[in-house]
Structures are given as structure tokens and as C-alpha cells.
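Got a structure for you, written out below as C-alpha cells; questions coming shortly.
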Amino acid sequence: MMVLFGNTQQNNEGKTNLNLSAENMDKNIGKNILENEETFKKIFNRSSDIMFREIKIQGKTKLILIYVDGMVNTDIVISNILEPLMYAGLPQGLGAVDSVSEMLEQDRFTVLQTKKVSSVNDISESILKGNLALFIDGESIALLADVKKIETRSIQESSLEPALRGSRESFTENLRTNTTLIRRIIASPNLKVEELKIGKLTRTDVAVVYIEGVASISVLDEVVNRIKKIQMDGVLESGIIEESIEENHFSPFPQIMNSERPDVVAAGLIEGRVAILTNGSPVALVAPMTFWGGVQAPDDYHQRFLFVTMIRWVRYIFTIFSVLLPSLYIALTNFHPEMVPPNLMLNIAALRERAPFPTMIELLLMEFMFEGLQEAGIRLPKQIGPLVSIVGALVIGESAVSAGIISAPIVIVVSAAGIASFIIPRYSFGFPLRMLRFPLLILSGIFGLLGTAIGICTIFIHLLHLHSFGTPYLSPVAPLNKRGLKDVLLRWPRRLAKNERDQP
């Protein structure tokens, strides 16, 4: 009983502390600076990085500065706030200034952005974002000065979306840097950036970016409403937002495009889409997304149209290969050998003589090993990553075939399907295609070509019913839009495309 009582008491103490913090957060600060200091010391209890600095002006007026150590620019604080107040005091000869409050009203602090706040909640949130809070004895307001200095990564080339031609810039983890990169491309007052905060604990800044008059109002409202409905303690990456606002959670296909490249996001905005930027994430989300957007590369519109048209069709064919090649192999060799050229079938049969497992088991084993190698290559440090490729090629390829564990045609089929999936420009769009190989393999291994046909029909029915923020996933093919279909089949010459748009 003593143990039980002890646990209960411990839990009650925890709840009391939380309730005390909540009560403190809801109220406004008072005029007594000592009470204000006590309030924030309770809120930031046991936070060694929160600094409280007391100063006096001309030995009279008491001030307290509260900030997060390491998040403020100390040079600006010293030269623009502390030195003028401590050594020069209240300004003389600049008009009737008798208090720090009047200095605030007359914007006498040489800091770019300042504002006066009285809510304890707003002040504490602003301090944690890297602002400096200045409290004055006898004043029921605090000055919040934007003196942030947070180390950020420099703008680098995108590693996920390389392109032969076009911009080399990619987003960083800083939200303001990312919005600036977009605004540098679209220098129009119609480009709008609406900011939201989500996450009960992280209070993550999220920016919804769109072009007014171009973006669909219904899509914009739907995006904003879905983001506002996110109820989570922490939002650490844009993937959490993507998963929370997509329409069909059980679909393997991504319904929101993600990109690290400002030029890709800017192109999407010009086409009337809506972008979502998340502070702390270098990946932007663009909605709505279609199937055909997933197989288009960032530099498709920067290369000559004949070359891009040819490459686009190569991508389509390899996309089909990446999904169907293993299942077609097992269906044709096991159920319909008469459809394979006799010489080829004889060679395959000869090579499979020593194989100990059925074809379906061999293919599943190789597919699992291939996925495992990819995952290991991503997770391992760069110095060790290439070793995985060498070990994979030697052990899984040559050695497994020499030992008679896996037949050579299986290695060729799985490798060809894997390479075909790497041709898809968007890495996230390759996931569903790799994943769909497994159910298709099992269906084909059980029912032959009938199973392959059932699998393909199921995927098409699913895609036909899939929507992204009200836009059909297969548009403009289904439903058919002749003007849009031309851009799917061909990369139409830019001048001709413009003339068509100008026609009534």
C-alpha cells in the first residue's frame, strides 16, 4: 500500500506542476518585475539554457532580459540594447522620453523588429523561438526583439533530385530561407505566404504558399483546413504533414508531391498548385499531385523537346518493367512456356536445373535481398556504403549463382526490374512500384497470367478512384483532357503550346 500511495503521490505532483504551468501561461504579466521574473522562472524551471539577466538604468530603473543562450545574436544585444541603456541611459534631447516604455513606443531601439506583448504565453513562445524578452519594472508590457542568430546549413545542390540542366539550388531547413528562394524566382506581389503553427509541443512554423488568382480557392481552403486539423504533440518533418493531410492513407501511391528544389515548387505554383513549407525540413510539399507528375523530371522543360519526348517514353516503358517484369517472368516460364521462344526457354530450363527452390520462392528471396541492400546502402555512412554494393554484387550475384542457390535468370530479372525503378525521377514515387511487385509476384506465381491480369486491373481500378485534393490521380488521361493529354504523351514545343493557349 505504501508503494501504491507513493506512486499516486508522485503522479499527483506531476499533474500539479503541469496545471501550475498552464495557469501561468494563460495570464498577462503585471507591473511588478519581481513577480514577472518569478513567473518565468517557474515556467522555465530546470532549463539551464534560459538566461535571466538583470540590469539597471542609471542605478534606478530595473530591467530583466530573458533569452535562450545560443539562439540570440549577442553582438546585436550588446551594441543595440545593453550599451545604449547601461551607458547612455534614457535619450536626452530627442523629445520627452521618461521611461523605457516610451522608448518602445517611439521605436528608439535600433533593432529591426520589435513588438510589445503582455501575454505570458506569447512571451514564452517567442523566447523559445530565439527572440529576446525585455521586462521593465513598473510596466505591464514586455519588449520582444528579433535578435535571432540560429546556425543554418548553406544552400546546396539537391541530392534527391539531380538534374542535368537548371538551377542547382535546393531548400534548407530554415523556413524563411526557403520562402525567399521561391520569392526570388516568382517576384510577384500575387505570391502569398500564409503561416500557421502546428504541434502542441513543437509549435512548428508551416507556410502555405500560393499565387493569388492562379491557385484554386477550393484546393487552397482544403489544404489550410486539413493542416489546421492536425492535432499532434510534435511535427518534426514535412512527411508528418504529408501523411496527415492526404486523402487515402492506405494507398501506396503518394498523393502529394515532395521536392527539394525551389524551381520545381515555383513551377507547380505557376501551374496553380499549393506548396507547403515546414520549418526544419528541406522538403516542400506540392498539392495536388497526379500520376504523370511522378514520372516527370525537373529538367524536362529545360531540354530540347524531341529528346525529352523520347526519354519520357523510355521512363514510361521502364516504369511498366519495374512493376511487371518479375511477375511476367514467373507467369510465362511456369504457366505459359509456349509463349516463350523455344531456344530461350531451353536455356532458362537448363540454367534452372540446379536451383533448389521454386521460381516464386527464388524471386521473393532475391527481391527481399535487393530491398535489404538498398536500405543498407542508404543507412550506412558514405565511407561504408560502397562496400554494400560490392558485397551485394559478389555474394548475391556471382557467388549465389555459382553455389546453385539462385539461378542466373532470376538475378537478371530482379536486377533489371531494380534498375528500371531507379529511372523514375522522383524517389518517393518509386516506392509504390517496388512494393507492388510482391503482391503481383504472388498472384502470378499462383494463377499465372490470369493472376497478373487480376493484379493489373486492381491497380488500375484503385488509381481511377484515387484523388488528390479533388483532382483525379490519372488526369488528364482519365478523365480525358485532350489538351493535357498532349503534355503527357509528348513534351510539346513551347511556342506551339503558347499559341494553343492563346486561342479562344
Side-chain angles (χ1 to χ4, degrees), residues 13-57 61-86 100-101 103-104 109-152 173-176 195 197-205 232-236 279-280:
E13 284 177 359
K15 288 179 182 177
T16 305
N17 288 335
L18 288 174
N19 290 335
L20 182 62
S21 297
E23 289 172 7
N24 287 333
M25 301 292 277
D26 291 337
K27 66 181 185 181
N28 292 334
I29 61 171
K31 290 187 176 181
N32 190 320
I33 195 168
L34 294 177
E35 290 180 1
N36 293 335
E37 183 182 11
E38 187 65 24
T39 299
F40 283 93
K41 280 187 174 177
K42 284 180 181 176
I43 292 172
F44 298 123
N45 184 28
R46 299 181 183 176
S47 300
S48 59
D49 58 335
I50 307 294
M51 309 305 291
F52 290 77
R53 170 73 193 276
E54 295 182 10
I55 60 171
K56 283 187 177 180
I57 302 176
T61 308
K62 187 177 180 182
L63 305 178
I64 293 177
L65 280 67
I66 305 177
Y67 59 93
V68 181
D69 190 20
M71 292 182 72
V72 300
N73 189 326
T74 52
D75 292 338
I76 294 178
V77 174
I78 292 170
S79 60
N80 295 33
I81 295 177
L82 286 181
E83 283 184 356
L85 287 174
M86 294 177 72
V100 178
S101 177
M103 287 182 68
L104 300 181
F109 288 104
T110 54
V111 178
L112 196 59
Q113 291 183 15
T114 57
K115 63 179 179 180
K116 292 173 284 185
V117 182
S118 57
S119 164
V120 171
N121 186 40
D122 293 342
I123 294 169
S124 57
E125 188 175 309
S126 188
I127 291 171
L128 293 173
K129 292 289 182 184
N131 292 316
L132 175 86
L134 176 64
F135 295 83
I136 308 107
D137 194 17
E139 304 289 342
S140 58
I141 58 168
L143 165 74
L144 293 177
D146 185 357
V147 289
K148 286 193 282 289
K149 184 187 179 184
I150 301 172
E151 297 299 328
T152 57
E173 287 74 13
N174 185 277
L175 179 67
R176 190 54 63 209
E195 292 198 10
K197 285 184 188 298
I198 54 174
K200 293 175 186 173
L201 294 178
T202 56
R203 304 295 295 158
T204 307
D205 292 318
M232 291 183 179
D233 288 339
V235 178
L236 305 177
N279 195 29

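Computed from a predicted structure; not experimentally measured.
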Requested in this report: Could you check Leu236 against Thr204 for side chain to side chain contact (heavy atoms under 4.5 Å, CB included), going step by step and ending with a plain yes or no?
Outcome: CA-CA 8 Å; Leu236 305 177; Thr204 307; 5.9 Å; no
Query raised in the report: Just how far is it from atom CG of Asn36 to atom CD1 of Ile141, taken to the nearest 0.5 Å?
Result: 11.5 Å
Requested in this report: Would you check if Ile50 and Leu128 make a side-chain contact, meaning some heavy-atom pair closer than 4.5 Å?
Outcome: yes
Query raised in the report: Which atom names give the shortest non-hydrogen contact between Asn131 and Ser126, and what distance separates them?
Result: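 Between these two residues, the closest heavy atoms are ND2-OG, 2.7 Å.
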Query raised in the report: If you look at every heavy atom in Lys149 and Val72, which pair is closest and at what distance?
Result: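 Of all heavy-atom pairs spanning Lys149 and Val72, the closest is CB-C, 3.9 Å.
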**Report entry** Backbone of Val120 reached by a side-chain donor or acceptor of Ser124 within 3.5 Å
**Finding:**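 At least one qualifying donor-acceptor pair exists.
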**Report entry** Gap between atom CD of Glu54 and atom CD of Glu37 - 0.5 Å precision
**Finding:** 4.5 Å
Query raised in the report: After noting the C-alpha distance and the side-chain angles of Ile136 and Ile33, does the key distance pass the side chain to side chain contact (heavy atoms under 4.5 Å, CB included) rule?
Result: CA-CA 7 Å; Ile136 308 107; Ile33 195 168; 5.7 Å; no
Report task. Return the minimal non-hydrogen interatomic distance between Gly130 and Lys148, and the atom names on each side. Result ->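 Reported closest heavy-atom pair: O-CG, 3.2 Å.
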Requested in this report: Working to the nearest 0.5 Å, report the span between CG of Leu132 and CE of Met51.
Outcome: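 One gets 12.0 Å once the value is rounded to the nearest 0.5 Å.
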Query - Verdict with supporting geometry, Ile55 and Leu65, side chain to side chain contact (heavy atoms under 4.5 Å, CB included) - result: CA-CA 8 Å; Ile55 60 171; Leu65 280 67; 4.1 Å; yes
Query - Ala142 versus Ile123, closest heavy-atom pair with distance - result: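 The answer is CB-CD1, 3.8 Å.
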**Report entry** Residue that, paired with Asn279, satisfies side chain to side chain contact (heavy atoms under 4.5 Å, CB included) out of Val235, Thr202, Leu175
**Finding:** Leu175
Report task. May I ask you to check whether Phe52 and Phe40 place their ring centres under 6.0 Å from each other? Result -> no
**Report entry** Contact summary for Arg203 and Lys129, nearest pair of heavy atoms
**Finding:**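 That closest heavy-atom pairing would be O-NZ, 2.6 Å.
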Report summary line: Of all heavy-atom pairs linking Thr152 and Asn174, the shortest is CG2-ND2, 3.7 Å
